[in-house]
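Here the structure comes first, spelled out in structure tokens, and everything after it is commentary.
Position 1 is the first residue of the sequence, and the numbers go up from there. Hydrogens, waters and symmetry mates play no part in the numbers below; they use all other heavy atoms, side chains included. Atoms within a ligand are numbered from 1 in the order they appear, just like the ligands themselves.
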Amino acid sequence: MSEFIPLIEEPELKRQIQKTGQKISRDYKGKDLVLVGVLKGSFIFLADLTRQISIDHEIDLIGTSSYEGTSSTGQILFTKQPDLELEGRDVLLVEDIVDTGNTLLKIIEFMTLLHPRSIKICTLIDKQERRKVKIDVDYSCFSLNKGFIVGFGLDYNEKYRNLPAIYDLKL
Ligand code: IMP
Ligand code: MG
């Protein structure tokens with residue numbers, strides 16, 4: 001039987017996302033902010049974050065798929081391209097979790113081809129233990145060292161995204 005060990009409770013998630021939204025609102029004042037959520041894992045974080053940002057901004061989504069089970073396949077598939085014109089705009093990529101960094105590196109390479117004015121990274125969780133590539137995470141709500149976590153958009157084989165808080169999954 002799998003075990004779900006609570007790691008981050010709802011009030012703490014709310015508090016940190018609020019703080020991050022306030023910081024983004026200050027940092028991007030006068031800029032042309034577009035939040036670009038990375039599907040599917042970021043959808044809940046994105047929905048909460050956008051409502052904590054008080055300046056005008058737009059939202060787009062890109063889709064990638066890289067994981068089966070708990071280990072990276074190393075392959076990244078683009079399942080959805082952005083809809084908005086991003087050239088000359090200030091793109092903030094919104095991720096659920098940065099683990100090895102491979103996905104984000106590929107996304108940044110791809111987004112660079114669209115010539116935005118700036119590209120920065122905002123992640124709900126920065127998981128550093130298995131980082132393989134150097135990535136500057138500009139905004140991170142929580143840092144974790146290890147574990148495989150689910151809930152609040154994060155899945156294990158597409159399940160458990162609906163859990164309202166974040167759990168360490170022990171298989
Ligand atoms: P990376 O390419 O290794 O940085 O992995 C990025 C993607 O892997 C994330 O966007 C997640 O979808 C998935 N992932 C990595 N670690 C976890 C985890 O602990 N729980 C659920 N998904 C994870
Ligand atoms: Mg993801």
Side-chain angles (χ1 to χ4, degrees), residues 1-10 12-14 16-17 20-21 24 34-50 52 59-83 86 91-114 116 119-171:
M1 265 271 287
S2 317
E3 220 189 319
F4 296 83
I5 301 159
L7 265 190
I8 310 170
E9 309 276 6
E10 285 178 81
E12 215 183 328
L13 281 163
K14 195 168 178 202
Q16 275 308 117
I17 295 171
T20 304
I24 291 168
V34 186
L35 299 183
V36 178
V38 182
L39 292 171
K40 298 178 215 168
S42 74
F43 78 110
I44 292 179
F45 175 43
L46 180 69
D48 281 359
L49 183 67
T50 183
Q52 297 299 337
I59 294 178
D60 208 339
L61 296 163
I62 53 172
T64 64
S65 158
S66 65
Y67 265 62
E68 255 175 52
T70 58
S71 67
S72 176
T73 57
Q75 297 265 338
I76 282 121
L77 297 173
F78 280 87
T79 55
K80 188 198 171 297
Q81 311 269 332
D83 299 321
L86 298 177
V91 167
L92 183 58
L93 288 168
V94 179
E95 258 285 21
D96 52 355
I97 185 165
V98 184
D99 183 14
T100 64
N102 286 328
T103 310
L104 214 43
L105 195 71
K106 294 265 162 51
I107 293 171
I108 292 166
E109 276 171 20
F110 169 73
M111 297 299 287
T112 305
L113 302 173
L114 304 177
I119 306 181
K120 288 194 174 183
I121 294 159
C122 175
T123 187
L124 179 65
I125 289 156
D126 188 1
K127 194 167 77 175
Q128 290 144 1
E129 190 196 34
R130 303 199 302 167
R131 191 66 42 86
K132 290 208 181 86
V133 293
K134 198 187 164 306
I135 294 257
D136 291 320
V137 174
D138 302 281
Y139 303 91
S140 130
C141 295
F142 299 94
S143 285
L144 290 179
N145 275 322
K146 53 179 180 229
F148 190 84
I149 59 171
V150 294
F152 208 77
L154 288 143
D155 71 307
Y156 171 63
N157 285 347
E158 298 298 330
K159 298 257 174 13
Y160 315 129
R161 295 192 196 275
N162 59 310
L163 300 179
I166 287 188
Y167 300 85
D168 194 354
L169 177 64
K170 301 279 183 226
L171 292 169

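- Between the side chain of N145 and the backbone N or O of E129 there is no donor-acceptor pair closer than 3.5 Å.
- Against a heavy-atom cut-off of under 4.0 Å, L154 is close to the following atoms of ligand 1: 21 (C), 22 (N).
- Taking the six-membered ring where the residue is Trp, Y160 and F4 present perpendicular rings, their angle passing 60° and hence far from 30°.
- In summary, of the residues considered (L35, V36, L49, L46), a side-chain contact (heavy atoms from CB on, under 4.5 Å) with C122 occurs for L49 alone.
- The closest non-hydrogen atom to atom 2 (O) of ligand 1, taken over I135, V38, T103, comes from T103.
- Heavy-atom proximity to T100, at under 4.0 Å, picks out these atoms of ligand 1: 1 (P), 2 (O), 3 (O), 4 (O).
- Within the structure, ligand 1 has G101 among the residues with a heavy atom less than 4.0 angstrom away.
- Within 6.0 Å of the NZ atom in K80, the count of heavy atoms belonging to other residues, nucleotides or ligands exceeds 12.
- Side chain of K132 to main chain of N102: no donor-acceptor pair is present (N/O by atom type, distance under 3.5 Å, no hydrogens or angles).
- Contact annotation: D155 has at least one heavy atom less than 4.0 Å from an atom of ligand 1.
- Numbered from 1 in the order shown, with element, the atoms of ligand 1 that lie under 4.0 Å from a heavy atom of E95 read 10 (O).
- Here is the list of ligand 1 atoms found below 4.0 Å of a heavy atom in D96: 9 (C), 10 (O), 11 (C), 12 (O).
- Between K127 and ligand 1, a contact under 3.5 Å exists for at least one N or O pair.
- Any N or O atom pair closer than 3.5 Å counts here, and I149 shares at least one such pair with ligand 1.
- Ligand 1 has no N or O atom lying under 3.5 Å from any N or O atom of V98, backbone or side chain.
- The heavy-atom pair separating D99 from R131 by the smallest distance is O-NE, 2.7 Å.
- Judged by distance alone, with hydrogens and angles left aside, the side-chain atoms of E3 form no donor-acceptor pair with the main-chain N or O of K170 at under 3.5 Å.
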